[in-house]
Protein chains: 2
Amino acid sequence: MTSPIIQTIDVVLLTIKNDKLHVALVKRETPPFQGYDALPGGYVHEQEDNDCLDSALRVLKTKTGIRPPYLEQLETFSGKFRDPRGWSVSVVYFALVSLDVIEAANNPQVSLVDIDDLKDLPFDHLNIIKTTVNRIRNKAQYSSLPCFLAGETFTLPTLQKIYEICLGDTLNKVSFRRKIAEMDVIEEIAGALSRQGASRPAKIYKLKPYYLEKLKTLESGL
Amino acid sequence: MTSPIIQTIDVVLLTIKNDKLHVALVKRETPPFQGYDALPGGYVHEQEDNDCLDSALRVLKTKTGIRPPYLEQLETFSGKFRDPRGWSVSVVYFALVSLDVIEAANNPQVSLVDIDDLKDLPFDHLNIIKTTVNRIRNKAQYSSLPCFLAGETFTLPTLQKIYEICLGDTLNKVSFRRKIAEMDVIEEIAGALSRQGASRPAKIYKLKPYYLEKLKTLESGL
DNA sequence: TTACTTAGTTTCAATTTGCAACTATATATT
DNA sequence: AATATATAGTTGCAAATTGAAACTAAGTAA
């Protein structure tokens, strides 16, 4: 009999820091790659978990202390060579949260790395992260996905900036607002204003409760 | 020690027959659900397969005799309850082929079922097929995916019909042709004409070799 | 040679998008 | 108190895209 296939899950947790996408890495406490930073991941626990989504939520909670409102399956990475222990299958999920969710968890094991500054990572984690960024860039074109990177409340200029960071390009202000209005996923918080510097304050919005953990897509995009 | 997780792959092979999407099912030769029609699937073979994509190609070849030019990972379905044998993970792929590829394989174990006539299926296969159809409907809006359902050569009216079947809606002839031209994935076969009934024959096209197994996407869609 | 049917193109109106300039509203400065 | 200035948000319009209808083209059948 051959050794069984290694069945794991990994989570790509992304946030925006200093106007750039960052990924959350955790220091590995066990071999292989002990001591190295890698994606939070772990084994499926047949007893505790009803499915791999459960596993992903459990592992993310355990390793980072975070319970993300939005978690989506990315893809499954498998093969003979991606894990030195042998033939492995990793079902990968990705989550988007605002920076303050990560800071609130305040876990010293967690480090945030700019996705453009990633060095070599254990396993195929670099490839997994790049696949995730591509997926996000793609979905940012026609969905409310980037909204999950905003905090509980936000202004339209802030949200536009978040979309621009995801897309890697600037957007037209009028078109952006038309599309966000068309998506109909946010609502104004009456009376609330942002009052930043010495300029006109922006209105403050929040996600409509229904869309706090759901995606909305557009017919045409952007 | 707990029983190991069951690691399988399944393939959703779709084609168009009588102007409707059909899925290829094969009769199961072993328990569970022996004798029932289900998606072609099987175990990952650690020795033969370098990754799950290999497993999918091998299983599809073994069970249907088909080697599809286009195969894409759909999603992974997992959990305690989807397989009566226990906690299982199935990495699911989908493939699109023209009807004559299936007919050429001529395998009596394979049956083609209209996706709107599906009865209850073993495991969560009904759900898997519905997820696939949604994915295809989605990708048909902005990519060359439906082209893989056409045979080696085809006319533009035929290709439009294929897109309409995928999308479940009619398309504007002029817009469709503009978009296909913009995608730049097909080329005319000089001089070849379709000559069907008593009417003007249509020009015949084929996929550009580069796109025989690759997807092309549009910025805006349709 | 005329009718018929489907292929493919042209034209133009309707819709959508994107830029630039405008107005609005706060703080900071004089 | 008046004015400057910075960013928020809106308006108007030109450019680009899309979609419907009408047209021309090219074959077979009568």
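Reminder, nothing fancy here: chain letters follow the sequence lines and each chain counts from 1.
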**Report entry** Rounded interatomic separation in angstrom, taking CG from N172(B) and P from dA14(C)
**Finding:** 16 Å

Report summary line: side-chain contact (heavy atoms from CB on, under 4.5 Å) filter on N172(B), not counting sequence neighbours, yields V174(B), S175(B)

Query raised in the report: Do the side-chain N and O atoms of E219(A) and Q141(B) include a donor-acceptor pair separated by under 3.5 angstrom?
Result: no

Query - Whole-Å distance separating the CD atom of Q141(A) from the C1' atom of dT17(C) - result: 16 Å

Query - Sidechain-backbone polar pair: K63(A) side chain, G41(A) backbone, donor-acceptor under 3.5 Å - result: yes

Requested in this report: To the nearest Å, give me how far apart OH (Y205(B)) and C1' (dA7(C)) are.
Outcome: 10 Å

**Report entry** First of L171(B) and R177(A) reached from the 5' end of DNA chain D, by closest nucleotide
**Finding:** R177(A)

Report task. Measure the distance from CZ on F176(B) to P on dT6(C) and round it to the nearest whole Å. Result -> 18 Å

Report summary line: By nearest-nucleotide position on DNA chain C, the 5'-leaning member of V174(B) and P157(B) is P157(B)

Report task. With DNA chain C as reference, determine whether R200(A) or R178(A) sits nearer its 5' end, using the nearest nucleotide of each. Result -> R178(A)

Report summary line: Contacts of E75(A) meeting salt bridge (Lys or Arg N to Asp or Glu O under 4.0 Å) (sequence neighbours excluded), chain-then-number -> none

Requested in this report: Validate the cation-pi geometry between K214(B) and Y210(B): distance from NZ or CZ to the six-membered ring centre under 6.0 Å, angle to the ring axis within 45°.
Outcome: yes

Query raised in the report: Across the strands shown, which category fits S220(B) at heavy-atom distances under 4.0 angstrom: base, sugar-phosphate, nothing?
Result: sugar-phosphate

Query raised in the report: Whole Å only: how far is the CD atom of Q160(B) from the P atom of dT6(C)?
Result: 14 Å

Report summary line: chain B reaches DNA chain D, atoms under 4.0 Å from its heavy atoms, from dT18(D) to dA29(D)

Report summary line: All heavy atoms of S143(A) vs all of M183(A), minimum pair found to be C-SD, 3.7 Å

Report task. Dump the intermediate steps for salt bridge (Lys or Arg N to Asp or Glu O under 4.0 Å) on K17(A) and D114(A), then the final yes or no. Result -> CA-CA 8 Å; K17(A) 183 177 169 181; D114(A) 186 322; over 6 Å; no

Requested in this report: Specify the separation, in whole Å, of atom NZ of K173(B) and atom C1' of dT9(C).
Outcome: 8 Å

**Report entry** Between P of dT16(C) and CG of L218(A), the distance in whole Å
**Finding:** 13 Å

Query raised in the report: Between the side-chain atoms of K203(B) and the base atoms of dG8(C), is any donor-acceptor pair under 3.5 Å?
Result: no

